[in-house]
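Naming: A, B, ... by sequence-line order, numbering from 1 per chain.
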Amino acid sequence: MTRLLVTSALPYANGPIHFGHLVGAYLPADIFARYHRLIGSDVLFVCGTDEHGVPITVNAEKEGVGYQEYVDRWHEEIRGFLTRFGVEFDVFGQTSRPDPHHRLSLEFFLRLLHNRRIAPREVKQFYCATCDRFLSDRYVEGTCYSCGAERARGDECRQCPTLIDPLKLIDPYCVTCRSTPETRSVTQWELLLEGYPKRVGGAPDDLPGGKSLQEWFDRFATRENLKPNVYSTVVTKLVEQEKPRARPITRNLRWGIPLSALPDGAVPGLTPEEAAEKVLYVWFDAPIGYCSNTILWAREQGDEARWREYWIRPDDAPGDVRLVHFLGKDNIPFHCIIFPAMLAWQETDAAGIESVEKALGGVLGPGVGERYVLPENVPANEFYNLEGRKFSTSDRWYIDPDEFCEQFDPDVLRFTLVRTMPESADTEFTWREFQARTNELADAFGNFASRVLKFAEKYFDNRVPAGGAKDLLDPAPVDEHVAGLGAAIDGYRLRTALDHFVDIARLGNKFFDEQQPWKSRKDDLEACGAAIRACIRLLPVLAGAAWPFIPRTAERLWEMLGLEGRPTWPGSTDAAALLPEGHLLGEAGVLVPKISDDVVAAEVEKLHRRAAEGA
RNA sequence: GGCGGGGUAGCUCAGUUGGUAAGAGCGACGGAUUCAUAACCCGUAGGUCGGCGGUUCAAGUCCGCCCCCCGCCA
């Protein structure tokens, strides 16, 4: 059976995430994963926090807390946020964990080194003698050489749009101690991306993994496979125009995966003194978190080797595992260019296996030297704004998730987010739209369930009515929508999929109106019962179709039907067997409450007030 | 300045490889109905598909130029 390995971009453990992150990377992946769980696929949904890098050290130091303590806190915060909105991962790990993450990352590093995909290079960097450390971009400020603004940061100016080369700053100073840094030469290792495929059908290079990467690229980087926004970014822009170049993968920093964990001599040219100051660059180790978190999952299952079922492919079966990365458009380059290259270039020879074993004292997993699964697709979303502006915690332009959940059901947010998901262009969340979409769900879907169940409760003793003609409701259009819904989710078109769901509810409403059971109950109870029965039996179909999108609501409906367990996929559900004549229904109630104008107006006001107070 | 993405009914947007007289939801208007969360159902109005030119028997859909918005990079 085909396995699915679903990932969401690892959130950075340096602050809260917002609805934009949710709609871009977590919600679509969750829906995709839930759909596949529902139809019985073998699916693993992997995520975790990305916990290294300079911004974290800057902020942790500002707060005066340890790095680990700092990222642990945000890890829990982010996990709480996602859990609250119904995103259910199989595993949610942390990249700061030495085992397995640090070890696996070093393994990646060593294999790339053995395969000649990594090389050292001399670069110049600021060094602060007072603090006794190298200063990365964010640790140095000075006067902007472009606009003359003071306190320009080492990565970007506060005034003008210039991306700063920190070495060119006028009167640079260390942000920590204010002293003037000196310029030092330092060796960093770089990932050589020149071997990345030039085009579909091109010739691979001769280094290990080159052929696999090209073969993957030929399948992956096509108009048929990728969404238009992803295709143009990857192929037109990054590959054809900019051409992937070398990128540094080590830094002199005290927070990250230390190269000193490797034995002396494992990296030619790296002295123990240098190793003690170096860590892997955060962008390099972060995506490896997908793999290490899978190991974590397997370990929790009691069989660590099971991670191989998802990540390591047999020699000749490229399509055995469908690896799908969900993320926002800012992450397209990493996941379409850099990470696949890192994976493909893990393929190595006996000498490569031996050198890694020697350095790490026995291999971490049995994956050494074997072929990693490469992504089937990267269905990236565009950006999501809030009432016309970017979500921004610093500008106080955001919606507090705690306050949100006190008032509203997270499921109606999920519904709204899918309805307005930025699948092909930037979109935005507005409270007015949220109200409209929520009420749409309440009217078309929630109200249908209510009218049907209350009818049964009042006139049929809260049981599935018996007697009368069979199959009054034509199943063909329903089946078509169910099939269309599944195909749309599988093709990463969630808005279309949700359209199908709403259409099924509309079919139900239309049928109900045509049958006029409120009339027939007076003169033809059999016909009335048959109509209501047909409507009742549409409800488990709706519950199953709804579950990937609005799981808790779908489960509530399931309960109202007096059914056990969770909703099942409509395509594999026999509604008549599930709800036989005489079946006792559960307690009917309001499935989706509507939102009134004054509530929405209050939220809009609250949003603007908070932003104004912060200014 | 370069690149990318947008510019389709009042609003939010769909429109796969060019081809049945341009679609949906919301909003508006009219009708029907009363089982239901004043919900549902039926119908009407409304668009020179940013502008100009080209290719084609046929273009919102391909090509060229121009205008406006957003983003990334200079």
Quick one: side chain to side chain donor-acceptor pair (under 3.5 Å) partners of A:H21, sequence neighbours excluded?
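So A:H21 forms no side chain to side chain donor-acceptor pair (under 3.5 Å) with any residue.
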
Applying side chain to side chain donor-acceptor pair (under 3.5 Å), can you list everything that pairs with A:D409, at least two apart in sequence or on another chain?
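Residues passing side chain to side chain donor-acceptor pair (under 3.5 Å) with A:D409: A:R556.
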
Can you list, in residue-number order, the parts of residues 428-437 of chain A that come under 4.0 Å of RNA chain B, counting heavy atoms only?
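Contacting residues: A:R437.
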
Can you list everything that forms a salt bridge (Lys or Arg N to Asp or Glu O under 4.0 Å) with [X]? Sequence neighbours excluded, please.
X	answer
A:R121	A:E190
A:R251	none
A:E605	A:R609
A:K606	A:E403, A:E603

Would you say that more than 12 heavy atoms from the other residues, nucleotides or ligands in this model lie under 6.0 Å from the CD of A:E587, or not?
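No, the 6.0 Å shell around CD holds no more than 12 heavy atoms from other groups.
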
Give one of base, sugar-phosphate or nothing for A:T427, where a contact means two heavy atoms less than 4.0 Å apart.
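If one applies the 4.0 Å heavy-atom cut-off, A:T427 turns out to touch the sugar-phosphate alone, with no base involved.
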
[N] versus [M] - spacing of their [atom1] atoms, nearest Å:
N	M	atom1	value
B:G23	B:G47	P	14 Å
B:U44	B:G27	C1'	14 Å
B:G51	B:C67	C1'	7 Å
B:C62	B:G19	P	11 Å
B:G6	B:A74	P	23 Å
B:G50	B:A45	P	23 Å
B:C65	B:U12	C1'	31 Å
B:U61	B:C26	C1'	26 Å

Find the distance [X]:[atom1] to [N]:[atom2] and express it as a whole number of Å.
X	N	atom1	atom2	value
A:R495	B:G15	CZ	C1'	12 Å
A:F415	B:C26	CZ	P	11 Å
A:K329	B:C73	NZ	C1'	13 Å
A:L507	B:C41	CG	C1'	13 Å
A:I332	B:G71	CD1	C1'	12 Å
A:E423	B:A14	CD	C1'	11 Å
A:N331	B:C72	CG	P	14 Å
A:D490	B:U16	CG	P	20 Å

Any non-hydrogen side-chain atom of A:I504 less than 4.5 Å from a side-chain atom of A:F448?
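Contact flag for A:I504/A:F448 side chains = no.
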
Indicate for each nucleotide in nucleotides 32-40 of chain B, in 5' to 3' sequence, whether protein heavy atoms under 4.0 Å reach the base (B), only the sugar-phosphate (S), or nothing (-).
-SSBBB-SB

Name all pairs fulfilling the salt bridge (Lys or Arg N to Asp or Glu O under 4.0 Å) condition that reach into residues 440-456 of chain A, sequence neighbours left out, sorted by first residue then second.
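Residue pairs passing salt bridge (Lys or Arg N to Asp or Glu O under 4.0 Å), neighbours aside: A:R419-A:E440, A:R437-A:E440, A:E440-A:R506, A:D443-A:K594, A:R451-A:D513.
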
Tell me, which pairs form a ring pair (Phe, Tyr, Trp, His ring centres under 6.0 Å) where one or both residues lie in residues 488-512 of chain A, sequence neighbours left out?
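Sorted pair list: A:F32-A:Y492, A:F445-A:F501, A:H481-A:H500.
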
For RNA chain B, which ranges pair as stems of 3 or more consecutive Watson-Crick or G-U pairs, with both donor-acceptor distances under 3.5 Å?
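The stems that RNA chain B takes part in, listed by first number, are B:1-7 with B:67-73, B:10-13 with B:23-26, B:28-31 with B:41-44, B:50-54 with B:62-66.
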
Specify the residue among A:R419 and A:F383 whose closest nucleotide of RNA chain B lies further upstream toward the 5′ end.
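Per heavy-atom nearest nucleotide, the more 5' residue is A:R419.
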
Can you sort out the partners of A:W397 under ring pair (Phe, Tyr, Trp, His ring centres under 6.0 Å), two or more places apart, ordered by chain and number?
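A:W397: ring pair (Phe, Tyr, Trp, His ring centres under 6.0 Å) contacts with A:H608.
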
Should the pair A:D30-A:R34 be classified as a salt bridge under the 4.0 Å nitrogen-to-oxygen rule?
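Salt bridge between A:D30 and A:R34, a charged N being under 4.0 Å from a carboxylate O: yes.
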
Please tell me whether A:F19 and A:Y398 form a close aromatic pair, meaning their ring centres lie under 6.0 Å apart.
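Aromatic pair excluded; centres sit 6.0 Å or further apart.
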
